[in-house]
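In what follows, a structure is listed as structure tokens, so that the remarks can point back to it.
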Amino acid sequence: MNKYRTHNCNELRKDDLEKDISLSGWINKKRDHGNLLFIDLRDNYGVTQCIIDKENKNFLDLEKTQLETVIKIQGKVVSRLEETINKDIATGEIEVVINTFQILGNCKELPMPVFSDQEYAEEIRLKYRFLDLRRKKIHENIILRSKVISFIRSEMTKIGFLEFQTPILTSSSPEGARDFLVPSRLNPGKFYALPQAPQQFKQLIMISGFDKYFQIAPCFRDEDARADRSPGEFYQLDLEMSFVEQEDVFNVVEKLLVNIFKKFSTKKLMYENFPKITYSDSMLKYGSDKPDLRNPLIITDITEIFSRDDVSFEIFKKLVKSGSRVRCILTKNTKDKPRSFFENIDKWAKGLGASGLAYFTFEKEKNLSAKGPIGKFFSEQALTEIMKKINAEVGDSIFMACDKKSDLEKITSLAREKIGQDLNLIDENIFAFCWIVDYPMFEKDEVTNKIKFSHNPFSMPQSDLNEKELENPLDILAFQYDIVCNGIELSSGAIRNHKPELMYKLFSIAGYNKNDVDEKFSGMINALSYGAPPHGGIAPGIDRIIMLLANEKNIREVTMFPMNQNAQDLMMRAPSEVSVEQLKDLNLSLKNKK
RNA sequence: GGGGGUGUAGCUCAGUUGGUUAGAGCGAUCGCCUGUCACGCGAUAGGUCGAGGGUUCGAGUCCCUUCACUCCCGCCA
């Protein structure tokens with residue numbers, strides 16, 4: 001028999017009455033009645049109430065023992081009186097009468113309480129992460145994460161995917177995020193980079209003939225943090241398949257996600273077959289390529305209305321003449337909303353730096369009219385036309401914005417969220433997944449005005465790039481796709497370009513000549529010329545999936561040992577300075593500090 | 001790199017228009033209490049009000065600088 005325990009702290013039930021048992025765990029809570037002491041003993045599995053009174057010679061010692069001390073108790077299981085049963089814990093029908101106890105691990109005065117629902121400053125939580133992780137909610141989050149990951153492994157393996165590890169020390173890639181660099185001792189002056197993703201390796205695995213690959217892959221990017229973005233490192237379910245089209249990848253991932261979310265959440269799925277929305281549709285209807293489909297509001301372009309003679313809203317008309325567009329959001333049956341509702345949204349938009357949101361409500365007594373400060377600028381015929389265009393009924397309202405396309409997308413997207421929230425239209429108990437497809441291969445850099453890859457340079461274009469298409473590279477679409485859930489981008493993927501000639505063509509559009517490509521992607525381009533299968537894949541973000549399942553807004557709540565916003569580990573004190581000897585080994589010298 | 005928020009006891013927070021000795025709850029220490037499950041009651045200790053400078057007769061409070069944490073923008077193929 002194990003010397004620490006016969007049972008864990010979530011095991012004892014009425015069936016165990018009168019048994020002599022031992023438990024080990026942390027003192028979660030003490031309730032000291034002077035001559036009678038209750039101790040809630042906690043371990044990973046649960047809590048058991050233990051009790052001791054002054055007749056016992058150990059009473060005074062136990063009474064003095066600090067919370068969070070690790071103890072072993074030995075005693076007898078007894079039933080609780082009917083009125084003292086605790087229904088909130090699984091072991092609540094029994095308690096353990098302590099005979100002897102032993103301290104296994106002492107505990108100093110705590111810098112933060114463990115047994116509390118209070119929120120604490122991030123700094124102290126991260127410094128004492130081992131204490132923070134004892135707390136219920138985050139402890140459960142981390143267990144959930146473990147379970148989801150094993151579930152993914154078993155599901156993927158079941159359908160024929162093989163899990164492979166790829167190198168952590170690899171080479172720096174020219175595109176994308178900043179790399180983390182590791183100096184090479186054996187190759188003075190040269191550096192490894194930590195992989196931003198195993199992108200090239202997984203393609204090489206396909207070219208090596210392995211057919212279906214996955215990995216719970218660590219990815220390293222040296223970029224600034226956000227609430228849903230760890231600084232430094234994060235995990236992806238990286239996967240790749242050979243001889244597949246877009247639909248094949250969709251089928252695998254859609255089924256997997258449906259299974260995960262059904263198994264690990266009680267929230268409903270809005271769609272089990274994820275709708276596919278083209279990038280251009282998404283940008284128009286939602287103003288974003290990560291739409292929250294729980295929100296029923298839709299954006300419509302009504303620019304043409306403002307070239308009518310019977311519309312006299314001159315501010316918009318002028319802007320439209322100089323190339324701006326007008327888009328609107330329709331809200332159903334909002335005629336009885338107070339004026340403050342409309343004004344607040346207009347004010348909110350102005351606060352964001354936009355020129356505000358014009359609004360009115362469709363009304364009809366004898367004639368159709370528009371109620372609101374700008375209603376008088378629209379004729380009855382123009383209003384009828386708008387209603388037809390956006391499918392509105394009397395009693396509905398619209399909010400309109402006028403701007404250049406990209407600014408217009410931004411403001412309408414934010415307005416859609418804001419109005420959705422204000423009208424309480426978003427059901428928090430739903431997951432709404434969708435695919436965003438048909439991404440453009442290229443986009444124009446707003447600063448330099450140069451053409452650049454909009455996503456992944458290794459994606460397959462949807463055409464062979466004949467002369468005519470090459471003239472308008474911004475119109476070239478790629479077999480490139482994203483999964484979005486509740487407005488959060490979960491992953492992006494693509495059918496890859498496995499034809500070197502096509503690759504050179506695409507890179508030349510983005511301003512790289514053949515030599516550049518050969519040099520920067522030598523491993524890839526070389527491999528592609530030795531018989532590469534058509535292949536594609538995707539890489540859903542594990543951390544964000546867990547965030548959705550655990551209903552957390554911050555990625556640190558689902559990460560065991562996260563860094564803070566400045567990419568420091570306050571517990572391990574990373575990053576740290578290194579010795580002169582270490583630097584010398586690496587052929588590095590530091591510039592003098594300020 | 002830029003913008004917002006926060007910083008007062010070990011923890012969570014209050015602190016009025018600038019005005020006497022900076023408070024509460026939890027935790028700690030001591031005492032009382034045999035049925036609690038956020039046990040209860042009483043007492044004690046615990047403070048560079050993030051740091052530095054300024055205004056003022058007087059600053060936790062006003063001003064300037066700076067640091068830390070956090071959220072956002074940029075960035076994240």
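To find a chain, count down the sequence lines: A is the first, B the second, and so on, and within it residues start at 1. Please read all numbers here as calculations on a predicted model, not as lab measurements.
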### Query
Over how many whole Å does the gap from A/Leu37 atom CG to B/rG35 atom C1' extend?
12 Å
### side-chain contact (heavy atoms from CB on, under 4.5 Å) partners for A/Ser459, two or more places apart
A/Met441, A/Asn456, A/Ala478, A/Gln480, A/Ala494
### Message
Under 3.5 Å, is there any donor-acceptor pair linking the side chain of A/Glu223 to the base of B/rG74?
### Response
no
#### Entry: Any residue meeting side-chain hydrogen bond (donor to acceptor under 3.5 Å, both in side chains) with A/Asn497, in chain and number order, not counting sequence neighbours
none
### Message
In this structure, how many angstroms lie between the P atom of B/rC76 and the CG atom of A/Asp289, rounded?
### Response
14 Å
## Note on the structure
A/Glu63 atom CD is separated from B/rU29 atom P, nearest whole Å, by 11 Å
### Query
How many Å lie between CD on A/Glu82 and C1' on B/rG35, as a whole number?
14 Å
### Query
Does the ring of A/His33 meet both stacking tests against the six-membered base ring of B/rC39: centre distance under 5.5 Å and plane angle under 30°?
yes
### A/Asn86 side chain near B/rG35 phosphate (N/O to OP1/OP2, under 4.0 Å)
no
### Query
What residues in residues 560-572 of chain A put a non-hydrogen atom under 4.0 Å from any atom of RNA chain B?
A/Asn564, A/Gln565, A/Asn566, A/Gln568
### Task
Decide yes or no, distance alone: a donor-acceptor N/O pair under 3.5 angstrom between the base of B/rU36 and the side-chain of A/Gln49.
yes
### Query
Which residue pairs pass the side chain to side chain donor-acceptor pair (under 3.5 Å) test with at least one member in residues 56-66 of chain A, sequence neighbours excluded?
A/Asn56-A/Asn58
#### Entry: Separation of atom CD1 in A/Ile85 from atom P in B/rU36, rounded to whole Å
13 Å
### Summary
From CD of A/Gln236 across to P of B/rC76 the rounded distance in Å is 15 Å
### Task
Only counting residues at least two apart or in another chain, list the ones meeting ring pair (Phe, Tyr, Trp, His ring centres under 6.0 Å) with A/Tyr439.
A/Tyr279, A/His455
### Residues A/Ser172, A/Asp179; criterion side-chain hydrogen bond (donor to acceptor under 3.5 Å, both in side chains); working and verdict
CA-CA 6 Å; A/Ser172 179; A/Asp179 284 316; 2.6 Å; yes
What N/O pairs connect the protein and nucleotides 4-10 of chain B at under 3.5 Å? Give each pair on its own line.
{"residue": "B/rG10", "atom": "O2'", "partner": "A/Pro111", "partner atom": "O", "Å": "3.0"}

#### Entry: Watson-Crick or G-U pairs under 3.5 Å in RNA chain B, rendered as dot-bracket with [ ] for crossing pairs and | for another strand
(((((((..((((.....[...)))).(((((.......))))).....(((((..]....))))))))))))....
### Query
Parallel, tilted or perpendicular: which fits the ring planes of A/His33 and A/Phe38, with parallel below 30° and perpendicular above 60°?
perpendicular
### side-chain contact (heavy atoms from CB on, under 4.5 Å) partners of A/Asn564, counting only residues at least two apart
A/Leu126, A/Asn566, A/Gln568, A/Leu570
### Query
Out of B/rC71, B/rC69, B/rG74, which nucleotide sits closest to the side chain of A/Ala227?
B/rC71
#### Entry: Distance in angstrom units between A/Arg556 CZ and B/rC69 P, rounded
11 Å
### Query
Of the residues in residues 406-416 of chain A, which ones touch RNA chain B at a heavy-atom distance under 4.0 Å?
none
### Message
Considering only residues two or more places apart or on different chains, which pairs with a residue in residues 19-32 of chain A satisfy side chain to side chain donor-acceptor pair (under 3.5 Å)?
### Response
A/Asp16-A/Lys19, A/Asn28-A/Arg42, A/Arg31-A/Asp40, A/Arg31-A/Gln49
### Query
Any side-chain N or O of A/Lys29 under 4.0 Å from OP1/OP2 of B/rC39?
yes
### Query
Using atom P of each nucleotide, how far apart are B/rG5 and B/rC64 to the nearest Å?
13 Å
### Message
List the residues meeting side-chain contact (heavy atoms from CB on, under 4.5 Å) with A/Ala574, not counting sequence neighbours, and say none if there are none.
### Response
A/Asp569
#### Entry: Phosphate-side-chain proximity, A/Arg31 and B/rU36, N/O vs OP1/OP2 below 4.0 Å
no
### Query
Which residues pass the side-chain contact (heavy atoms from CB on, under 4.5 Å) test with A/Phe191, sequence neighbours left out?
A/Leu181, A/Pro183, A/Leu588
### Summary
note: A/Asp40, atom CG; B/rA38, atom P; distance rounded to Å ~ 9 Å
## Note on the structure
By nearest-nucleotide position on RNA chain B, the 5'-leaning member of A/Arg80 and A/Asn456 is A/Arg80
#### Entry: Presence of donor-acceptor pair under 3.5 Å, side chain of A/Arg221 and base of B/rC76
no
